[in-house]
Protein chains: 2
Amino acid sequence: MKEGPDIAQIGALIGDPARANMLAALTGGRALTATELAGVGGITLQTASTHLAKLEAGGLLAQRKQGRHRYFTLADEAVARLIESMMGFAAGRGHLRHRPGPKEPALRKARICYDHLAGDYGVRMLDSLIASGAIAAIGDGLALTEKGESDLKRIGIDVGDLRSSRRPLCRSCLDWSERRAHLAGSLGKALLSNFLDKGWARRTAESRSITFSPEGDRQFLRLFPAEA
Amino acid sequence: MKEGPDIAQIGALIGDPARANMLAALTGGRALTATELAGVGGITLQTASTHLAKLEAGGLLAQRKQGRHRYFTLADEAVARLIESMMGFAAGRGHLRHRPGPKEPALRKARICYDHLAGDYGVRMLDSLIASGAIAAIGDGLALTEKGESDLKRIGIDVGDLRSSRRPLCRSCLDWSERRAHLAGSLGKALLSNFLDKGWARRTAESRSITFSPEGDRQFLRLFPAEA
DNA sequence: TTCATAGTTCGATCGTAACCGAAGCATTGT
DNA sequence: ACAATGCTTCGGTTACGATCGAACTATGAA
């Protein structure tokens, strides 16, 4: 009863381990099929199907059918932010799913968060952009400066195109592994796409981690030097 | 299984209607007893007790016993932010607990959000502070300017004291009713306390709403004029 | 001491939701 | 046309957790 919006429904949706795992996997940004999601959830396809239907009815997921596959994605960036913020919160309270395992290091170094770069490299990139004066920061807020705009044009990103989108250009996103902010928003997405296009890095098969090529690694570290 | 922190536990904690109601009530900022919380949850004291134990074990609540009462509060501001952000999310997807009721208007006008002012008045205050140049805003980030510091001193708030706290001075908090930002952080708290101390406003008995006296209303509107 | 209030713990009940096997559609490939 | 793949729906089982009555502990008041 009472006043205000109902958090319980959403909490309950996220509260099931299988569903939580699927949502976390979708934070990786790429669309996944029901079968793949059943895998990450550790359940059979039938069960996954009902879970996915619930998540979609709750407005957390969107699906588009393509051929005989059904691809699921997070409904929008707001969902991704909610999940990541819950992850940050959970990590802070020590709610961990397991002790740090073998795959963890790669994940901490660089991973994808919905559609932008997170992890150690993500944090480093934002720090560097701020230090060079390309991005101005007040608290959690970020804004691209004129210097930043021209710097980005030089590496092949036209900010004009991005501005037209309804989505905010710069947005900070709290990292659960680093507990620091990294760059989200359409600019964050554009930067990551840029790296992938150039072949500096590529997505890993079934994980959220991102692997840099030796050459890409060098370029990235040169472009975004650590602070003095 | 897999990687990363466990969202499911927290989701499940929030996912029960009774617990969600209790948490929402505690967003009102004041400490409540187990019996009171049982009331807002619509359950018996026994059931509430087990719920509260779970919430505390999960790190969402803190309790301190005083006499034969046990007062519960949200563990910290991070919990409050999580709850409010979930409310905003839920409101956006139309997950409402009921159709707009009679008490709603008061709640939309001015209510307490953990320890600062939210609702229409909260949003107006922040807008006005930004318009007057007392607070600088970039995206979601907020910072107090020198002008703001002297303005505040004039109404009896010494910012120096606040800076010493570990808690951030300015923080934006998304309003579920207005869907706009209002001012949180230690400054937001100080401002609300200031209004209460001056007798401009007072908390309502068992609700989150805040009622302004006629005189207080006048003063508030004069101090924080709507934008031209 | 005795009584009353506040809260926890125990035990049992009950409902719901997660789960999977099997069957049913739909789309693609041969 | 037929088979294979991807997914949904149905039915029945099972398990977990929310719930409350009752008994127990603790603090305060008479």
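In what follows, every chain begins at residue 1, and chains take the letters A, B, ... in the order their sequences are listed. Only heavy atoms go into these numbers, but all of them, side chains included; no hydrogens, no water, no symmetry mates.
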Review point. Quick one: do R81(B) and E84(B) make a salt bridge, cutoff under 4.0 Å?
Key: no
Practice item. State, yes or no, whether a side-chain contact exists between L74(A) and Y114(A) at a heavy-atom distance under 4.5 Å. Key: yes
Practice item. Take atom CG of L61(A) and atom P of dC7(D), then tell me their distance rounded to the nearest Å. Key: 14 Å
Point to revise | Nearest-angstrom distance from the residue atom CG of L45(B) to P of dA4(C) | key: 18 Å
**Study point:** Euclidean distance, atom CG of residue L52(B) to atom P of dA6(C) [Å, nearest integer]
**Key:** 15 Å
**Study point:** Distance in angstrom units between E56(B) CD and dT9(C) P, rounded
**Key:** 11 Å
Point to revise | Spacing between K65(B) atom NZ and dA26(D) atom P, to the nearest angstrom | key: 9 Å
Exercise for review: Can you label the angle between the Y121(B) ring and the F212(B) ring as parallel, tilted or perpendicular, going by 30° and 60°?
Suggested key: tilted
Study note, to complete from the structure: D115(B) meets the salt bridge (Lys or Arg N to Asp or Glu O under 4.0 Å) criterion, sequence neighbours left out, with R167(B)
Study note, to complete from the structure: To the nearest angstrom, the CG-P distance between L13(B) and dC16(D) comes to 17 Å
Check your understanding: Would you say the side-chain atoms of R124(A) pair up with the backbone N or O of F224(A), donor to acceptor, closer than 3.5 Å?
Key -> yes
Check your understanding: Do K109(A) and D217(A) sit within salt-bridge range, that is, some charged N less than 4.0 Å from a carboxylate O?
Key -> yes
**Study point:** Rounded interatomic separation in angstrom, taking CG from N21(B) and P from dT19(D)
**Key:** 11 Å
Review point. Going by an N to O cut-off under 4.0 Å, is there a salt bridge joining K54(B) and D16(B)?
Key: no
Check your understanding: Which nucleotides of nucleotides 10-25 of chain C have their base under 4.0 Å from a protein heavy atom (B), which only their sugar-phosphate (S), and which neither (-), written as one string 5' to 3'?
Key -> --------SSBBB---
Check your understanding: From L23(B) CG over to I7(A) CD1, what is the distance, rounded to the nearest 0.5 angstrom?
Key -> 6.5 Å
Check your understanding: Below 4.0 angstrom, N of the basic side chain to O of the carboxylate: do R171(A) and D140(A) qualify?
Key -> no
Practice item. Starting at atom CD of Q63(B), determine the distance to atom C1' of dA26(D), rounded to an integer number of angstrom. Key: 14 Å
**Study point:** Phosphate OP1/OP2 of dT8(D): any R70(A) side-chain N/O under 4.0 Å
**Key:** yes
Could you list the protein-to-nucleotides 28-30 of chain C atom pairs, N/O on both sides, closer than 3.5 Å?
none

